[in-house]
Amino acid sequence: MTTVRARMTILASSAVLSLATVTGPAVAAPIPDGPAAAPAAPSVPQHVDPRSKSTQPVYDYANAIRESVYVDTTMDTDSDGKDDVIAVDIVRPSEPALTGVKIPVIMDASPYYSCCGRGNENEKKTYDGDGVIQKMPLFYDNYFVPRGYAMVGVDILGTGRSTGCGDVGGRDEIQSVVDVIDWLNGRNTAHTADGQSVKATWTTGAVGMIGKSYDGTLANGVAATGVRGLKTIVPISAISSWYDYTRSGGVPYSDDYMPWLGGYVGHDSPACEDVRGDLGDNDDDDTGDYTSFWSERDYTKNASKVKASVFMTHGLSDYNVQTNHFSQWWSALSRNNVPRKLWLGLEDHVDPFEFRRDEWVDELHKWFDYWLQGLQNGVMKEPSVSIETAPDVWRNYKTWPAVNRPTQVPLSAGKLGAVGKGSVTITDDPDLTEDDIVADPSEVIAGRQMFLSAPLAAPMRISGTASVTLRVKSDSSTTPITARLIEYGDAERYSGVRTTDDSTCEGSSTDYDDSCYFTVDKLTTQSDHGIVSRGWIDAAHSKSLSKPTPLTPGQWTTVNVPLRPQDQVIPKGRVLGLAITLADTGWTSPNDTGATIDIDLSASKLNVPITSGKITAPTKISPIDVDITTPTQRPDLHDPNN
């Protein structure tokens with residue numbers, strides 16, 4: 001392993017207390033809970049450099065206090081006659097307590113600490129012989145504990161060393177984290193493994209939650225409760241609505257996902273099997289309906305309760321947690337004037353710690369310093385949006401999306417950008433793969449209708465959520481409808497990341513908890529096409545997800561197919577293709593197949609959010625050769641890359 005860059009700062013213990021003289025207890029000023037409020041300037045503790053308005057690594061990580069406690073709840077989800085307890089592991093600097101300095105908390109609440117590990121290297125918690133935390137996964141404790149933060153790792157309900165049975169994103173799991181924040185703020189109780197009561201007298205009560213995937217999802221859900229003390233969240237590739245994670249407009253991505261995930265991360269016990277059985281009974285896989293079960297797991301509807309600021313990041317190629325999750329959460333927060341920041345990378349389900357490490361660590365440092373330490377470092381005056389427009393090329397913007405009113409692009413037979421007459425027909429072919437669908441775009445392929453543009457006369461930025469409006473007549477009471485927006489033209493395109501043998505060190509290390517992590521290389525592949533976005537809808541759910549309207553066979557109706565939000569600059573000369581198919585068994589698990597539909601071209605269109613330029617129809621359709629060098633593979637949600 002080669003260390004290519006180090007942030008580690010080694011301080012002699014005699015120098016640890018030399019930055020400031022403390023004459024009495026120093027406590028960061030309370031940060032208002034109101035969503036628009038900026039933190040007030042605190043008194044100056046030792047770890048703060050008032051000149052740079054930044055926390056400094058002055059505390060000895062090797063001598064940090066490491067403790068494990070169990071926070072009480074009023075839930076008995078495993079029906080054993082005892083209230084569930086939540087295991088909480090803490091790493092915090094020892095020096096502040098000696099001088100009366102109270103410190104804020106960075107929290108990663110997760111179901112993965114025991115079953116699967118965290119981060120690119122799948123790190124798990126480890127403990128000493130007394131059951132006290134030794135290694136906390138990821139770099140957060142190594143970097144932030146010397147800077148005057150406590151790192152808190154929470155085993156959510158029904159996972160790790162916590163008791164109970166989890167309900168996969170539901171009220172109980174969210175409450176288990178709220179109970180921990182309440183304890184950190186003196187509103188709840190906890191005890192050690194041997195039953196001794198313990199209080200969190202060492203903290204200001206200011207909490208920032210961070211985490212990727214399920215962990216970031218929990219941060220979203222907890223913020224949506226409005227719990228006091230939660231000052232900021234940093235959700236990375238996180239779910240904002242579990243309905244939209246498991247299906248698209250009534251079309252399931254897979255069957256029985258919720259009980260499967262509960263078993264993947266949770267305790268193996270008869271009581272928890274019963275809880276997971278209830279998940280399967282209530283998920284409405286057979287109908288695809290949005291029910292009260294899903295409403296409980298839809299955090300966007302409670303965005304008005306969010307009092308914490310939000311720094312979210314997401315991959316524009318993420319088809320595990322798809323881009324509609326960041327988009328709908330961002331929009332809901334915007335409507336409620338929540339302070340927020342957004343990073344959008346080209347990557348798929350990848351933490352920016354892997355693909356933009358230096359900038360990510362620096363920005364996290366500033367973000368937490370501002371929202372948890374009250375340091376007026378100007379982070380909120382920076383551009384609120386940063387987008388990777390080409391591999392490792394980032395541009396800053398004031399807002400997102402750039403376009404709120406999509407441009408309507410008409411459809412005609414085989415052409416995108418001209419008003420058509422008459423109708424075209426699609427008969428479902430569930431055996432069509434995505435490679436079949438995008439190949440030979442100028443040819444007639446059974447089961448697919450393709451609409452092609454002329455080569456773009458100028459570069460075009462798509463920024464926001466596209467959709468396809470189709471006036472259809474079906475021979476069935478419902479059918480899945482699938483849309484793909486494709487750009488054709490030779491280019492080097494992002495194709496993933498690869499872990500290298502090099503590493504960087506992001507903080508202090510000990511023999512049992514080092515701060516060094518492998519770097520990754522960003523991969524690109526020369527290809528002749530790229531998928532801009534995909535989208536699926538069950539036609540009967542087009543007007544309402546909770547109250548579907550069956551189609552009347554032989555009658556015309558309008559169906560809207562939402563595509564996944566995107567931000568992409570498509571160069572001059574590229575050809576856009578809109579492919580419409582019905583069942584997509586490669587990417588979804590549709591309940592209904594085999595229908596035939598007619599599409600009324602005069603009343604159908606692509607709605608695309610473009611900042612400039614124009615999509616025009618070709619005078620004639622020219623052949624486009626497509627070489628499928630690497631077969632497209634659907635992300636396997638039953639093998640989550642967390």
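Every value quoted in this text rests on a predicted model; they were computed, and no experiment measured them. Just the heavy atoms: all of them, side chains too, but no hydrogens, waters or symmetry mates, feed the values below.
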I want to know whether F326 and W329 have ring centres closer than 6.0 Å. no

Is R534 close enough and on-axis enough to Y319, meaning under 6.0 Å and within 45°, for cation-pi? yes

Measuring centre to centre across the rings, with the benzene-like ring taken for any Trp, is Y245 within less than 6.0 Å of Y257? yes

Can you check salt bridge (Lys or Arg N to Asp or Glu O under 4.0 Å) on D167 and R276, steps first, answer last? CA-CA 7 Å; D167 56 351; R276 293 191 278 272; over 6 Å; no

Where do D348 and Y494 land on the side chain to side chain donor-acceptor pair (under 3.5 Å) test, with the steps shown first? CA-CA 10 Å; D348 41 317; Y494 167 80; 2.5 Å; yes

Mind checking whether L576 and F451 have side chains closer than 4.5 Å, heavy atoms only? no

Set of residues satisfying side-chain contact (heavy atoms from CB on, under 4.5 Å) with respect to K605, sequence neighbours excluded: Q408, T469, N607

Candidates F311, F353, W394 - the one meeting ring-ring contact (aromatic ring centres under 6.0 Å, His included) with W360: F311

I'd like to know if K547 pairs up with D289 as an ion pair, taking the criterion as any Lys NZ or Arg NE/NH1/NH2 lying under 4.0 Å from an Asp or Glu carboxylate oxygen. no

Do the side chains of R493 and E487 get close enough for a salt bridge, i.e. N-O under 4.0 angstrom? yes

Any salt bridge between K522 and E347, counting N to O under 4.0 Å? yes

If you take the centroid of each ring, where Trp contributes its six-membered ring, are F355 and W343 closer together than 6.0 Å? no

Quick check for you: to the nearest 0.5 Å, what is the distance between D351 atom CG and R118 atom CZ? 9.0 Å

Is a salt bridge present between E388 and R395, judged by a nitrogen-to-oxygen distance below 4.0 Å? no

K301 atom NZ: more than 12 heavy-atom contacts under 6.0 Å: yes

Does the side chain of S533 come under 3.5 Å of the side chain of R484 through a donor N or O and an acceptor N or O? no

For residues Y214 and W242, establish whether the separation of their ring centroids is below 6.0 Å. yes

NZ/NE/NH1/NH2 to OD/OE distance under 4.0 Å, R356 and D392: no

